[in-house]
Amino acid sequence: MEAAAAGKAKVVVVGGGLAGSLLAKTIQGDADVFVVDPKEYLEIPWAELRSTVEPSFAERSLIYHRDYLTQGTLVTSSAINITENAVLTADGQSLGYDYLVIATGHAVTSPGSRAERLKEFQRDNGKIESSESVLIVGGGPTGVELAGEIAVDYPEKKVTLIHRGPRLLEFIGEKASKKCLDWLTSKKVDVLLQNSVDLGSLSDAEKSYKTSGGETVMADSHFVCIGKPLSSSWLHGTILKESLDNKGRVMVEKDLRVKGYNNIFAIGDITDIPEIKQGYLAQKHALLVAKNLKLLIKGSPVSKLATYSTGYPIAMVSLGRNEGIAQLPYVTLSGCLPGRIKSRDLYVGKARKQLGLNA
Ligand SMILES: Cc1cc2nc3c(=O)[nH]c(=O)nc-3n(C[C@H](O)[C@H](O)[C@H](O)COP(=O)(O)OP(=O)(O)OC[C@H]3O[C@@H](n4cnc5c(N)ncnc54)[C@H](O)[C@@H]3O)c2cc1C
């Protein structure tokens, strides 16, 4: 590209989640890198639930972007538009690019300031501490892992988990769902399946919640743990609007270029790659695109780019501090072995090391 020949190529990475941060860290010595994210920090998503029962855990799992982006530039704002050669941000900046990477994963619901996010964990922990009973709405990974953390750290508290679907953890296999249900039941968590509560009418002051199945759940506090939507609605008004599928996912080629573009890539949960949406795969995308960007910057043709292949859908769900469930090729395990792999440190040390930081 002309700009690349004139000096360092300019790479704009939109979204500093697990995928965007690793890509930016890996490519920052080879290009002029800009990371656009409304938060000043990367949050390791699955550490949220441990941080809710142990707020100090978040000190390691909320990582300032500036700590790994030592040679790049952080733009603390949301991207709102993309043209053929620039990304426009909510705070009015126009960032020219030679190469662009879309890594916006899921919608942003957390505050931009790391200090504010730490305070949120303190507040949520206070809510649990002062409750004798807790209602958790949503039986996906967030609801299940929160139920597990509370059941283990606060065994005296009554926990009810309500889930609209027919089984917990619907994103993985039925064996894993069953093992999870058995574990929660053994910890005296009440699991109500195929049931819902009207989220609009939820208030901690009420303490009594009517379910769609006609039951009444008494709880001193509640947590809503329904999955966050993808952060792709902002792409509808951009040059990439034709590159979205009907679920709002960005359609990519095997080399992770966005369909129809030679200099725009997409990585992580926002892509339409037909695989389970997991952070370790988002990080694989990041490393592959870092490699491809280095090739393009050196002048390699698009035909020489590395391609991505999907693997077996491995998943780990932690159940408190020592146990967990692992869906592996050919076998689904529960108990202390998967617990040893994920639940103790929740891979926080590993993720930090990948970004060149102390574990
Ligand atoms: C409870 C739970 C447990 C999990 N456990 C595991 C596990 O054990 N192993 C595993 O591999 N995966 C796990 N996952 C899945 C994993 O968290 C996701 O697959 C991963 O976070 C996807 O990374 P990402 O970078 O694509 O997106 P995200 O992590 O969602 O990051 C997106 C980033 O984009 C930013 N952003 C959004 N919109 C904009 C915008 N318009 N402009 C600029 N920035 C924007 C956001 O602020 C955010 O920083 C778990 C998820 C949950 C919820």
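These numbers come from a predicted model, not from an experiment.
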Write down the atom of [X], the atom of [Y], and the distance for their closest heavy-atom approach.
X: K353; Y: A359; answer: CE-CB, 3.9 Å
X: E323; Y: K187; answer: OE2-NZ, 4.2 Å
X: I325; Y: K179; answer: CD1-C, 3.7 Å
X: G248; Y: S232; answer: O-OG, 2.7 Å
X: T83; Y: I239; answer: O-CD1, 3.4 Å
X: L184; Y: L161; answer: CD1-CD2, 3.8 Å

- [ ] Please list, chain by chain and in numerical order, all residues satisfying ring pair (Phe, Tyr, Trp, His ring centres under 6.0 Å) with Y261, sequence neighbours excluded.
- [x]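 Checked Y261 against ring pair (Phe, Tyr, Trp, His ring centres under 6.0 Å); zero matches.
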
- [ ] Could I get the full list of ring pair (Phe, Tyr, Trp, His ring centres under 6.0 Å) partners for Y68, not counting sequence neighbours?
- [x]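 Here the qualifying residues are H65.
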
Distance, nearest 0.5 Å, that separates [atom1] of [X] from [atom2] of [Y]:
X: R50; Y: S343; atom1: CZ; atom2: OG; answer: 6.5 Å
X: S212; Y: N195; atom1: OG; atom2: CG; answer: 4.5 Å
X: N125; Y: Y154; atom1: CG; atom2: OH; answer: 4.0 Å
X: L62; Y: E43; atom1: CG; atom2: CD; answer: 5.0 Å
X: D32; Y: I27; atom1: CG; atom2: CD1; answer: 11.5 Å
X: R249; Y: K277; atom1: CZ; atom2: NZ; answer: 5.0 Å

Is the backbone of [Y] close enough, under 3.5 Å, to the side chain of [X] for a donor and an acceptor to pair up by distance?
X: S21; Y: G17; result: yes
X: S77; Y: T89; result: no
X: T104; Y: S231; result: yes
X: W46; Y: L346; result: yes
X: Q327; Y: P313; result: yes
X: D245; Y: M251; result: no
X: K157; Y: V134; result: no
X: D98; Y: K10; result: yes
X: Q28; Y: V33; result: no
X: K127; Y: H222; result: yes

Exceeds 12 heavy-atom contacts within 6.0 angstrom, atom [atom1] of [X]:
X: K291; atom1: NZ; result: no
X: E170; atom1: CD; result: yes
X: L355; atom1: CG; result: yes
X: K259; atom1: NZ; result: yes
X: E54; atom1: CD; result: yes
X: R167; atom1: CZ; result: yes

Taking C-beta and beyond as the side chain, do [X] and [Y] meet within less than 4.5 Å on heavy atoms?
X: T73; Y: L95; result: no
X: R340; Y: R344; result: yes
X: V317; Y: E145; result: yes
X: Q354; Y: L22; result: yes
X: P329; Y: I314; result: yes
X: N263; Y: Y97; result: yes
X: F57; Y: T52; result: no
X: L295; Y: L305; result: yes

- [ ] Walk me through it: do V144 and L319 pass the test side-chain contact (heavy atoms from CB on, under 4.5 Å)?
- [x] CA-CA 8 Å; V144 162; L319 297 169; 3.9 Å; yes

Same cluster or not: are [X] and [Y] linked, directly or through other Ile, Leu, Val, Met, Phe, Trp or Tyr residues, by side-chain heavy atoms under 4.5 angstrom apart?
X: L18; Y: I341; result: yes
X: L74; Y: I44; result: yes
X: L256; Y: I297; result: yes
X: F223; Y: V159; result: yes
X: V13; Y: I80; result: no

Open item on the list: Checking side-chain contact (heavy atoms from CB on, under 4.5 Å) between K39 and each of P111, S110, S113, which is the one that passes?
Closed with: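 So, applying the side-chain contact (heavy atoms from CB on, under 4.5 Å) to K39 and each of P111, S110, S113, only S110 qualifies.
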
- [ ] Going by the side-chain contact (heavy atoms from CB on, under 4.5 Å) test, name the single residue among V217, L192, V224 that passes it with L135.
- [x]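 Going through V217, L192, V224 one by one, the side-chain contact (heavy atoms from CB on, under 4.5 Å) with L135 is satisfied by V217 alone.
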
- [ ] Could you pull out all residues at least two apart from K284 that satisfy salt bridge (charged side-chain N to carboxylate O under 4.0 Å, His left out)?
- [x]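 Salt bridge (charged side-chain N to carboxylate O under 4.0 Å, His left out) list for K284, sorted by chain: empty.
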
TODO: Show your working on side-chain contact (heavy atoms from CB on, under 4.5 Å) between L328 and M316 and close with a plain yes or no.
DONE: CA-CA 9 Å; L328 304 169; M316 299 267 182; 4.2 Å; yes

- [ ] Could you walk me through whether V252 and Y308 pass side-chain contact (heavy atoms from CB on, under 4.5 Å), step by step?
- [x] CA-CA 10 Å; V252 289; Y308 181 77; over 6 Å; no

Could [X] and [Y] be called an ion pair, given the rule that one side-chain N must be under 4.0 Å from one carboxylate O?
X: K210; Y: D198; value: no
X: K158; Y: D190; value: yes
X: D255; Y: R257; value: yes
X: R60; Y: D345; value: yes

- [ ] Assess R114 against Y41: is NZ or CZ under 6.0 Å from the centre of the six-membered ring, and within 45 degrees of the ring's axis?
- [x]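 No, R114 and Y41 do not form such a contact.
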
Task: Y280 and K350: CA distance, side-chain angles, deciding distance, side-chain contact (heavy atoms from CB on, under 4.5 Å) verdict - done: CA-CA 11 Å; Y280 75 95; K350 185 176 169 214; 5.8 Å; no

TODO: Step by step, work out the salt bridge (Lys or Arg N to Asp or Glu O under 4.0 Å) result for D153 and R321.
DONE: CA-CA 8 Å; D153 276 25; R321 290 174 186 269; 2.8 Å; yes

